[in-house]
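Residue numbers begin at 1 in each chain, while the letters A, B, ... track the order of the sequences. Worth knowing before you read on, the calculation uses all heavy atoms, side chains too, and leaves out hydrogens, waters and symmetry mates. No experiment lies behind these values; they were computed from the predicted model shown.
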2 protein chains.
Amino acid sequence: MINQTNYEEIANRIKLLAHPERLRILDLLRQEPQCVCHLEAWLGKPQPYISQQLRLLREAGIIRDEKDGLNVFYRLVDAEIIAWLELILGVPMERITPIIICPCPKCEITKFLIDK
Amino acid sequence: MINQTNYEEIANRIKLLAHPERLRILDLLRQEPQCVCHLEAWLGKPQPYISQQLRLLREAGIIRDEKDGLNVFYRLVDAEIIAWLELILGVPMERITPIIICPCPKCEITKFLIDK
DNA sequence: AATCTATATGCGACTTTTTGAATATAGCTT
DNA sequence: AAGCTATATTCAAAAAGTCGCATATAGATT
């Protein structure tokens with residue numbers, strides 16, 4: 001049993017996960033930090049759309065942005081949310097199979113690893 | 001990693017918890033089945049409001065109604081949701097302290113237990 | 001059978017969320 | 001410095017969700 005305020009706060013945090021694209025973004029992020037262009041490629045949605053969802057998550061403090069030149073990488077930083085995701089989505093996969101060619105430096109590295 | 005359809009289905013289930021009053025109802029239900037009038041008293045909201053929230057949960061199949069004369073008791077029947085609630089809200093309490101007098105038979109029993 | 005009681009349903013106004021589109025910005029690159 | 005590139009912001013329309021209120025229903029009780 002919790003007090004009234006807490007149900008509201010918790011519900012607000014749950015709301016962040018209650019959206020298919022945000023859920024997918026979070027699922028990708030828990031594997032490793034991802035750059036926006038990569039998320040864009042994976043979700044197949046326009047870039048501003050991705051950035052808007054990222055903003056919601058960022059402003060709620062569950063992800064953090066790390067700039068690297070032109071690219072921005074997002075990282076999951078909320079332990080509680082990570083635990084929720086693990087229960088809801090299962091154990092995250094080791095690494096995404098990079099089927100989409102992405103111009104960001106990280107993906108270049110990934111591509112390199114595959115070519116080998 | 002899950003397919004597109006699943007993120008949507010899962011998000012829809014999460015949405016059911018992403019609401020303070022529904023979350024509170026579910027928290028009450030996981031202790032033991034509760035009759036509508038009891039929920040009404042606990043939440044301090046009008047009865048049609050409670051019934052509307054219950055309908056959402058019922059139609060999603062996460063609670064089930066059991067009629068007992070004029071009263072209707074609701075029971076949590078979705079094991080996955082129960083697990084989510086346990087992680088999100090913590091371990092449920094043994095029994096609600098019945099501070100509100102409720103006319104349903106169940107509450108009469110509870111009152112009896114307290115008077116003893 | 002008429003009434004009462006607990007619960008359910010339907011409907012509409014209001015609010016919030018979602019999403020697309022245009023535009024802005026910040027930092028490379030030339 | 002001018003342009004390019006990745007990302008962010010803003011704004012508005014559309015869609016979805018919330019919630020109050022009036023009313024319906026089903027099963028007891030008289």
Colleague: Carefully, step by step, assess B:L26 and B:I62 under the rule side-chain contact (heavy atoms from CB on, under 4.5 Å).
Modeller: CA-CA 9 Å; B:L26 290 170; B:I62 82 177; 4.1 Å; yes
Colleague: For the residue pair A:V36 and A:S51, what are the closest heavy atoms and their distance?
Modeller: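 So the two residues come closest at CG1-OG, 4.3 Å.
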Colleague: With a strict under 4.0 Å distance from non-hydrogen atoms of chain B, what nucleotide opens and what nucleotide closes the contacted stretch of DNA chain D, reading 5' to 3'?
Modeller: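 Listing 5' to 3', DNA chain D meets chain B from D:dG17 to D:dA28.
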Colleague: With side chains defined as the heavy atoms from C-beta onward, is the minimum distance between B:L54 and B:D65 less than 4.5 Å?
Modeller: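 When only atoms from C-beta onward are counted, B:D65 and B:L54 do not touch, as no gap falls below 4.5 Å.
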Colleague: Does a side-chain heavy-atom distance below 4.5 Å link B:L23 with B:L85?
Modeller: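 Of all side-chain heavy-atom pairs linking B:L85 with B:L23, at least one is under 4.5 Å.
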Colleague: Need one value for B:F73: base, sugar-phosphate or nothing, where a base atom within 4.0 Å counts as base even if backbone is also close, heavy atoms only.
Modeller: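 B:F73: no heavy atom of the nucleic acid under 4.0 Å.
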Colleague: Do you know which two heavy atoms are closest between B:V91 and B:R30, and how far apart they sit?
Modeller: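 Minimum heavy-atom separation between B:V91 and B:R30: C-NH2, 4.0 Å.
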Colleague: From B:C37 SG over to B:W42 CH2, what is the distance, rounded to the nearest 0.5 angstrom?
Modeller: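 Answer rounded to 0.5 Å: 13.0 Å.
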Colleague: In whole Å, I'd like the distance from the CG atom of A:L23 to the P atom of C:dT18.
Modeller: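 Going from A:L23 (CG) to C:dT18 (P), I get 13 Å.
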Colleague: If the cut-off is 4.0 Å, is B:H38 near the phosphate of C:dA6, judged by side-chain N/O to OP1 or OP2?
Modeller: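 Answer is no, no contact under 4.0 Å.
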Colleague: Determine whether a donor-acceptor pair (N or O, by modelled atom type, separation under 3.5 Å) exists between the side chain of B:Q34 and the backbone of B:L28.
Modeller: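 Yes.
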Colleague: Between the two ends of the helix from C:dA1-D:dT30 to C:dT30-D:dA1, what is the bend in degrees, rounded to 10 degrees, where each end axis spans five pairs?
Modeller: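 The helix from C:dA1-D:dT30 to C:dT30-D:dA1 shows an end-to-end axis angle of 10°.
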Colleague: Rounded to whole Å, how long is the line connecting atom CG of A:L43 with atom P of C:dG20?
Modeller: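 Atom CG in A:L43 sits about 12 Å away from atom P in C:dG20.
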Colleague: What verdict does the side-chain contact (heavy atoms from CB on, under 4.5 Å) test give for A:L56 and A:Q53, after you've listed the backbone C-alpha separation in whole Å, the side-chain angles of each residue and the deciding distance to 0.1 Å?
Modeller: CA-CA 5 Å; A:L56 283 180; A:Q53 303 305 336; 3.9 Å; yes
Colleague: Looking at residues at least two apart in the chain, or sitting in another chain, which of them share a side chain to side chain contact (heavy atoms under 4.5 Å, CB included) with A:L70?
Modeller: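 Partners of A:L70 under the side chain to side chain contact (heavy atoms under 4.5 Å, CB included) test: none.
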Colleague: Filter on salt bridge (charged side-chain N to carboxylate O under 4.0 Å, His left out), then keep only pairs touching residues 70-83 of chain A, sequence neighbours left out; what's left?
Modeller: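 Sorted pair list: A:R13-A:D78, A:R13-A:E80, A:E66-A:R75.
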Colleague: Where is the tightest heavy-atom contact between B:P20 and A:A11, given as atom of each residue plus distance?
Modeller: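 Nearest heavy atoms, B:P20 then A:A11: N-CB, 3.6 Å.
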Colleague: Please report the distance, rounded to the nearest Å, between CD1 in A:I50 and C1' in C:dT19.
Modeller: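 Between C1' of C:dT19 and CD1 of A:I50: 12 Å.
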Colleague: Could you identify which residues of residues 53-63 of chain B place a heavy atom less than 4.0 Å from some atom of DNA chain D, listed by residue number, or say none?
Modeller: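 When residues 53-63 of chain B is checked for heavy atoms under 4.0 Å from DNA chain D, there are no hits whatsoever.
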Colleague: I'd like to compare against my own output: the B/S/- annotation of nucleotides 21-30 of chain C with a strict under-4.0 Å heavy-atom distance to protein.
Modeller: BB----BS--
Colleague: If the test is side chain to side chain donor-acceptor pair (under 3.5 Å), which one of B:R58, B:H38, B:R64 qualifies with B:Y74?
Modeller: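 Exactly one pass, corresponding to B:R58.
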Colleague: Whole angstrom is fine here: how far is it from CD in B:E8 over to P in C:dT18?
Modeller: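 Nearest whole value for this atom pair: 12 Å.
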Colleague: Measure the CZ-NE2 distance between A:R24 and A:H19 for me, rounded to the nearest 0.5 Å.
Modeller: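 Answer rounded to 0.5 Å: 12.5 Å.
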